[in-house]
**Student:** 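Below is one structure. I have some questions about it.
Just so you know, these numbers use all the heavy atoms, side chains as well, and skip hydrogens, waters and symmetry mates. Each chain gets a letter, A, B and so on, in the order its sequence line appears, and its residues count up from 1.
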Amino acid sequence: MTTKVYPNAAAALDGLLRDNILIASGGFGICGIPERLIDAVEASGVKGLTVASNNAAIDNMGLGKLLRTRQIRKMISSYIGGNKEFERQYLTGELEVEFTPQGTLAERMRAGGAGIPGFYTKTGVGTLVAEGKPTMEFDGEEYVLERAIVADVALVKAWKADTSGNVVFRKTARNFNVPVATCGKTCVVEVEEIVEPGALDSDAIHLPGVYVHRIICGAPYDKQIEFRTTRTTDVG
Amino acid sequence: MTKHDGIVAGWSRDQMAARAAQELRDGYYVNLGIGIPTLVANHVPQGMTVTLQSENGMLGIGPFPLDEEVDADLINAGKQTISELPQSSYFDSATSFAMIRGGKIDLTVLGAMEVAENGDLANWMIPGKLVKGMGGAMDLVAGVKRIIVVMEHCAKDGSPKFIPACTLPLTGRNVVDVIITDLAVFARPDHASPFRLMEVAPGISREQLRQRTSAAYVE
């Protein structure tokens, strides 16, 4: 009987990584990033990677590690702020960046996973983002054609998975992880807990098992916070 | 607040946020940008229900958490820890931007580097110098019904930011509805109309404002 559950990140990525492939990675800032899997990509030594990810965490965390080791040739991202090395490599021309508006990036991934090769959007019309792309007028408004993203490998961080691959996320750690998962030819998910089928509410699955090919438990996690902001008193 | 000829005048950051909050209406779904726009949440009028959207996948942003409530899985688009409300909901980034692009969000408040007199907005990069990326700003200005810009009236070197035409790469073409600066408020009823001066900050004369604004506007 085949199993989706692998013992560790290196085993789960075995046979999937090659130089110059396209990897899609979930996460927003350092929230919901597939850190165990990224560590295994670093250890594998593959290079020339194109990585589609909203941003690249911070220096020396998550994808920031793969930037340090120069394993990434190109990023497809909406935001490089918060990661000095990302900004430096882009400004010096060492790293290619395909700036993609955040919603367009999410939709390019969603479309890639849904068999839609491209779509028209108002986002970016009249800006650098639309340069060189076909435009079309619908109902008197101009739209730009954006292409879908289909990744060779999708790296995802989730809260829980059952052994059949059904996945649930926790709070805002869901973010890009769902569209990233669906756009991968192979999707590898790291979770905090693996449970038996039936333990998750079938009516509350965020990512159905058909999208999930390999699963590891990455616990324990020591989740970092980029900006810890608190209040001191109760508010009405 | 700005120092003009040795006199401190104009609105503070918090006063600008309070002025932006006057654009809110009961029942609105609202997305607030990073910086001064985030402060708008502190000025929602009593008795008004406004639901805040965070583009990383949440509706119903609560206040900053108490120390013991801090949760690394619960952040806003500025990556600050936040709290949830009984009515909060979570969703993925594709769904989040479907509601933004789909026109379901009533109003957004954003910062700006430049706004042009035709409503063009530039707020995501200075070529060769400062590159942060557009994040969700291009999607927000393309999809949200009403776009409020909150910014300092002049750049650090004193040059105007409300100008005849943007010099920086655009975030959106003809998208801004209201401009709130530390010196004045400008608004227009539709995207075919010029901006009209609505208010001038205390201590600022109309002449001083004209001297610090290169964009054309209706007085």
**Student:** Quick check on A:R228 against chain B: is it the side chain, the backbone, both or neither that has a heavy atom closer than 4.5 Å?
**Tutor:**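 Contact with chain B: backbone and side chain both.
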**Student:** Are the side chain of B:R146 and the backbone N or O of B:L24 linked by a donor-acceptor pair below 3.5 Å?
**Tutor:** no
**Student:** Based on non-hydrogen pairs under 4.5 Å, which of B:N56, B:V70, B:D73 is most in contact with chain A?
**Tutor:** B:D73
**Student:** With respect to chain B, which residue among A:G32, A:G103, A:G81 yields the maximal number of heavy-atom pairs within a distance under 4.5 Å?
**Tutor:** A:G103
**Student:** Name the member of B:T171, B:D67, B:V141 that forms the most heavy-atom pairs with chain A at distances under 4.5 Å.
**Tutor:**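 Ranked by heavy-atom pairs under 4.5 Å with chain A, first place is B:D67.
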**Student:** If you tally heavy-atom pairs under 4.5 Å against chain A, which of B:G57, B:A72, B:G136 wins?
**Tutor:** B:A72
**Student:** So does A:R147 have more than 12 non-hydrogen atoms from other groups sitting under 6.0 Å from CZ?
**Tutor:** no
**Student:** Between A:K74 and A:E98, is there a salt bridge with N-O shorter than 4.0 Å?
**Tutor:**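 Looking at A:K74 together with A:E98, the answer is yes, because their closest N to O distance falls below 4.0 Å.
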**Student:** Where along residues 89-100 of chain B does a heavy atom come under 4.5 Å of chain A, listed by residue number?
**Tutor:**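 Those residues of residues 89-100 of chain B which have a heavy atom under 4.5 Å from chain A are B:Y90, B:F91, B:D92, B:S93, B:A94, B:F97.
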**Student:** Applying a heavy-atom distance below 4.5 Å, give me the residues of residues 110-129 of chain B that approach chain A, sorted by number.
**Tutor:** B:W124, B:M125, B:G128, B:K129
**Student:** Can you say whether A:F86 sits under 4.5 Å from chain B via the side chain, the backbone, both, or neither, judging by heavy atoms?
**Tutor:**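 Answer is neither: A:F86 stays 4.5 Å or more from chain B.
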**Student:** Side chain, backbone, both or neither: which part of B:E84 has an atom under 4.5 Å from a heavy atom of chain A?
**Tutor:** side chain
**Student:** For B:M48, is there any backbone N or O sitting under 3.5 Å from a side-chain donor or acceptor partner on B:D26?
**Tutor:** no
**Student:** If only atom types and distance count, is the side chain of A:N83 paired as donor or acceptor with the main-chain N or O of A:N55 below 3.5 Å?
**Tutor:** no
**Student:** Here's a test for you: under salt bridge (Lys or Arg N to Asp or Glu O under 4.0 Å), which of A:K84, A:R68, A:R88 qualifies with A:D59?
**Tutor:**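 Of the listed residues A:K84, A:R68, A:R88, the salt bridge (Lys or Arg N to Asp or Glu O under 4.0 Å) partner of A:D59 is A:R68.
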**Student:** Verify the distance criterion only: is there a donor paired with an acceptor across the side chains of B:S12 and B:D14 at less than 3.5 Å?
**Tutor:**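 Result is no, nothing qualifies.
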**Student:** At a heavy-atom separation under 4.5 Å, does A:I80 approach chain B through its side chain, its backbone, both, or neither?
**Tutor:**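 It is both, since atoms from each part get that close.
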**Student:** Taking every heavy-atom pair that is under 4.5 Å apart, which of B:G78, B:P65, B:P169 has the most such pairs with chain A?
**Tutor:**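 The candidate making the most pairs under 4.5 Å is B:P65.
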**Student:** Heavy-atom pairs under 4.5 Å with chain B: which of A:P101, A:A106, A:G126, A:A173 has the most?
**Tutor:** A:P101
**Student:** Should the heavy atoms of other residues, nucleotides or ligands under 6.0 Å from OH of A:Y143 be counted, would the total exceed 12?
**Tutor:** yes
**Student:** Just by distance, with hydrogens left out, do B:D139 and A:Q102 show a side-chain donor and acceptor under 3.5 Å apart?
**Tutor:** no
**Student:** Please classify the contact of B:V131 with chain A as side chain, backbone, both or neither, using a heavy-atom distance under 4.5 Å.
**Tutor:** both
**Student:** Do A:H213 and A:C187 have side-chain heavy atoms sitting under 4.5 Å apart?
**Tutor:**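 Result yes, sub-4.5 Å side-chain heavy-atom pair found.
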**Student:** Any idea which of A:N175, A:V97, A:L105 has the most non-hydrogen atom pairs under 4.5 angstrom with chain B?
**Tutor:**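 Among A:N175, A:V97, A:L105, the one with the most close pairs to chain B is A:N175.
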**Student:** For chain B, which candidate among A:W159, A:F227, A:Y90 shows the most heavy-atom pairs at distances under 4.5 Å?
**Tutor:**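 Among A:W159, A:F227, A:Y90, the one with the most close pairs to chain B is A:F227.
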**Student:** Would you call A:E35 and A:K157 a salt bridge, taking side-chain N to carboxylate O under 4.0 Å as the test?
**Tutor:**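 Salt bridge between A:E35 and A:K157, a charged N being under 4.0 Å from a carboxylate O: no.
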**Student:** Heavy-atom distances under 4.5 Å only: say whether A:E142 touches chain B with side chain, backbone, both or neither.
**Tutor:** side chain
**Student:** Which of parallel (below 30°), tilted (30 to 60°) and perpendicular (above 60°) describes A:H206 and A:F169?
**Tutor:**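 It falls in the parallel class, under 30°.
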**Student:** Considering only heavy atoms and a distance below 4.5 Å, find which of B:R173, B:M138, B:K79 pairs most often with chain A.
**Tutor:**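 It is B:K79.
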**Student:** Between A:R36 and A:Y221, is NZ or CZ placed under 6.0 angstrom from the six-membered ring centre and within 45° of the ring axis?
**Tutor:** yes
**Student:** Calculate, to the nearest 0.5 Å, the distance between atoms OG and CG belonging to A:S77 and A:L63 respectively.
**Tutor:** 8.0 Å
**Student:** Keeping the roles fixed (side chain from A:T135, backbone from A:V144), state whether a donor-acceptor pair exists under 3.5 Å.
**Tutor:**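 No, A:T135 side chain to A:V144 backbone: no donor-acceptor pair under 3.5 Å.
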**Student:** Below 4.5 Å, heavy-atom pairs only: which of A:L128, A:I30, A:N54 has the largest tally toward chain B?
**Tutor:** A:L128
**Student:** Please determine whether salt bridge (charged side-chain N to carboxylate O under 4.0 Å, His left out) holds for the pair A:R110 and A:E107, giving the CA-CA distance in whole Å, both sets of side-chain angles, and the decisive distance to 0.1 Å.
**Tutor:** CA-CA 5 Å; A:R110 196 199 69 81; A:E107 190 65 10; 3.1 Å; yes
**Student:** Where do A:G29 and A:I33 come nearest, in terms of heavy atoms and distance?
**Tutor:**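 Reported closest heavy-atom pair: O-CG2, 3.5 Å.
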**Student:** Below 4.5 Å, heavy-atom pairs only: which of B:A77, B:A137, B:G143, B:G172 has the largest tally toward chain A?
**Tutor:** B:A77
**Student:** Please determine, among A:E226, A:R170, A:Q224, A:R108, the option with the most heavy-atom pairs under 4.5 Å with chain B.
**Tutor:** A:R170
**Student:** Hey, are B:R13 and B:E152 close enough for a salt bridge, meaning a charged N less than 4.0 Å from a carboxylate O?
**Tutor:** no
